[in-house]
Protein chains: 2
Amino acid sequence: MSLRYGLLGLLKYSPMTGYDLKKIFEDSVNYFWSAKTSQIYRELQTLEKNKCVQSNIEISKAGPNRRVYTITPLGIKLLKEWLTNMPEETDEDNRNEFLMRVFLSSNIGGNELLRLLEARLKKYQSDIKRLDATAQAIPKYKEKFDVDKELLYWKISVSRGYHDVQSHIQWAEESIQYLKELGFK
Amino acid sequence: MSLRYGLLGLLKYSPMTGYDLKKIFEDSVNYFWSAKTSQIYRELQTLEKNKCVQSNIEISKAGPNRRVYTITPLGIKLLKEWLTNMPEETDEDNRNEFLMRVFLSSNIGGNELLRLLEARLKKYQSDIKRLDATAQAIPKYKEKFDVDKELLYWKISVSRGYHDVQSHIQWAEESIQYLKELGFK
DNA sequence: GGAGACATGTAAGTGGTTACATGATTCC
DNA sequence: GGAATCATGTAACCACTTACATGTCTCC
């Protein structure tokens, strides 16, 4: 569901192609949602079937033709309905393969887990850099889409990204230290 | 994949039924993985097809019969292989429907978002209680499965759960305050 | 001439959810 | 008598991934 409404939400800023949407997902929403190109194109097709968006082919002399999607009034209506009708239990999706590995680490031992955690710590540190890039992209979209009140909500979302990464780093560092104190290396 | 190995990992502690596994998922692994009964039974069937587990029906006079699954040497081997061969990019699955809503909140406005965040904060606070219960369940499993070195890894996992929830709470509180300072109510 | 960005899709498969179906036992 | 827990499953569906397929333009 979220992908569906994410696409509608972005199309509300401006008409776009599937390719554009994929790029925005990559460099702005990416820390809490991602989607493969193939899924985006398919979802756009079903959205068009449901009359939530409408597409027009834009013939360009320079480069391949582009199918540009525009949100319809119905699309806007359904987007707002989704946003206002929030179910009691919208779980943040906790599925975490890495934690499954940690949980089962008795099978590989503390030394091995230590190495896993150290590698993971590096990943978390690079996550911060990706978030910085995202935060810096916000003003760019401000110009591109000529939005203003949106910025507040984008900032609150990005801030959640930072809180998350920072807590991951803290946990990894603590756990590494703990394992070392126990004599693992 | 993770469900598959989660089941194998738990079955390594002790032979169990699908129903048992479901219960353990609910009160011990739940904060980073969950699964519906139907999925667990199906997965156990494919694991048996692949010779990773083996099942025997236990006839009980009191109550319905139970199909008890036992991990095979092949299952143990594959579990360990999975744990040692960690791919470079095991993403923690970030998909977060709630954040998608926050990100798109310009469509409903700051007052509405404030209410969403306040409800969410309560949910986070109840998450802490669930984690406390999980942490307290650890010794129980220690006796049940007669494990000891596992405890260390369970503790490290649960600790991650706490870090996560605490950062969620902090973010929600900060964002609520921020919105209030801006005059939303 | 080749790499990489631009651009759009289809097909098959996996993992997860929802809905359905059944029936015994225990405790109030 | 009724609700909750124990216990096991099937079928249909939905969301997402992986692999495949095609072709243009731009910059080095």
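Each chain gets a letter, A, B and so on, in the order the sequences are listed, and its residues count up from 1. Scope of the values below: all heavy atoms of this structure, side chains included, with no hydrogens, waters or symmetry mates. Small disclaimer: the values here were computed from a predicted structure and weren't measured.
Rounded to an integer number of Å, the gap from A:Leu44 CG to D:dA15 P is 14 Å. Atom NZ in A:Lys36 sits about 19 Å away from atom P in C:dG13, given to the nearest Å. Note: CZ (A:Phe25) to C1' (D:dA15) measures 13 Å, nearest angstrom. Here C:dT25 presents its P atom at 11 Å from CG of B:Asn65, a figure rounded to the nearest Å. Separating the NZ atom of B:Lys23 from the P atom of D:dA4 is a distance of 17 Å, rounded to the nearest angstrom. Taking atom CZ of residue B:Arg95 and atom P of nucleotide C:dG16, one finds them 12 Å apart after rounding to whole Å. Residue A:Arg66 contributes atom CZ, which lies 7 Å from atom P of C:dT8 at whole-angstrom precision. One can place CD1 of A:Ile24 at 13 Å from P of C:dA7, the figure rounded to the nearest angstrom.
When A:Leu74, A:Thr46, A:Leu8, A:Thr70 are each tested for a side chain to side chain contact (heavy atoms under 4.5 Å, CB included) with A:Val53, only one passes: A:Leu8.
When ring centroids are compared, B:Phe32 and A:Phe103 come within the 6.0 Å threshold. Side-chain rings of A:Trp154 and A:Tyr13 approach one another, their centers coming within less than 6.0 Å.
For the pair B:Glu112 and A:Lys80, the salt-bridge criterion is not met [side-chain N within less than 4.0 Å of a carboxylate O]. For A:Lys123 and A:Asp127, the salt-bridge test passes: some basic side-chain N is under 4.0 Å from an acidic carboxylate O.
Neither OP1 nor OP2 of D:dA15 sits under 4.0 Å from any side-chain N or O of A:Gln39. For D:dT8, neither phosphate oxygen OP1 nor OP2 lies less than 4.0 angstrom from any side-chain nitrogen or oxygen of B:Tyr19. Applying the 4.0 Å criterion to OP1 and OP2 of C:dT8, one finds that A:Thr17 has a side-chain N or O inside that range.
No engagement by A:Arg4 is indicated, since no non-hydrogen atom pair under 4.0 Å with the nucleic acid exists.
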Could you write out each protein N or O paired with an N or O of nucleotides 9-12 of chain C at a distance under 3.5 Å?
from, atom 1, to, atom 2, distance (Å)
C:dG9, OP1, A:Arg67, NE, 3.4
C:dG9, OP2, A:Arg67, NE, 3.4
C:dT10, OP2, A:Gln45, NE2, 3.1

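Across A:Ser159 and B:Trp171, no two heavy atoms sit closer than the pair OG-CD1, 3.3 Å.
Once rounded to the nearest 0.5 Å, the distance linking CD of B:Glu43 with OH of B:Tyr5 reads 9.5 Å.
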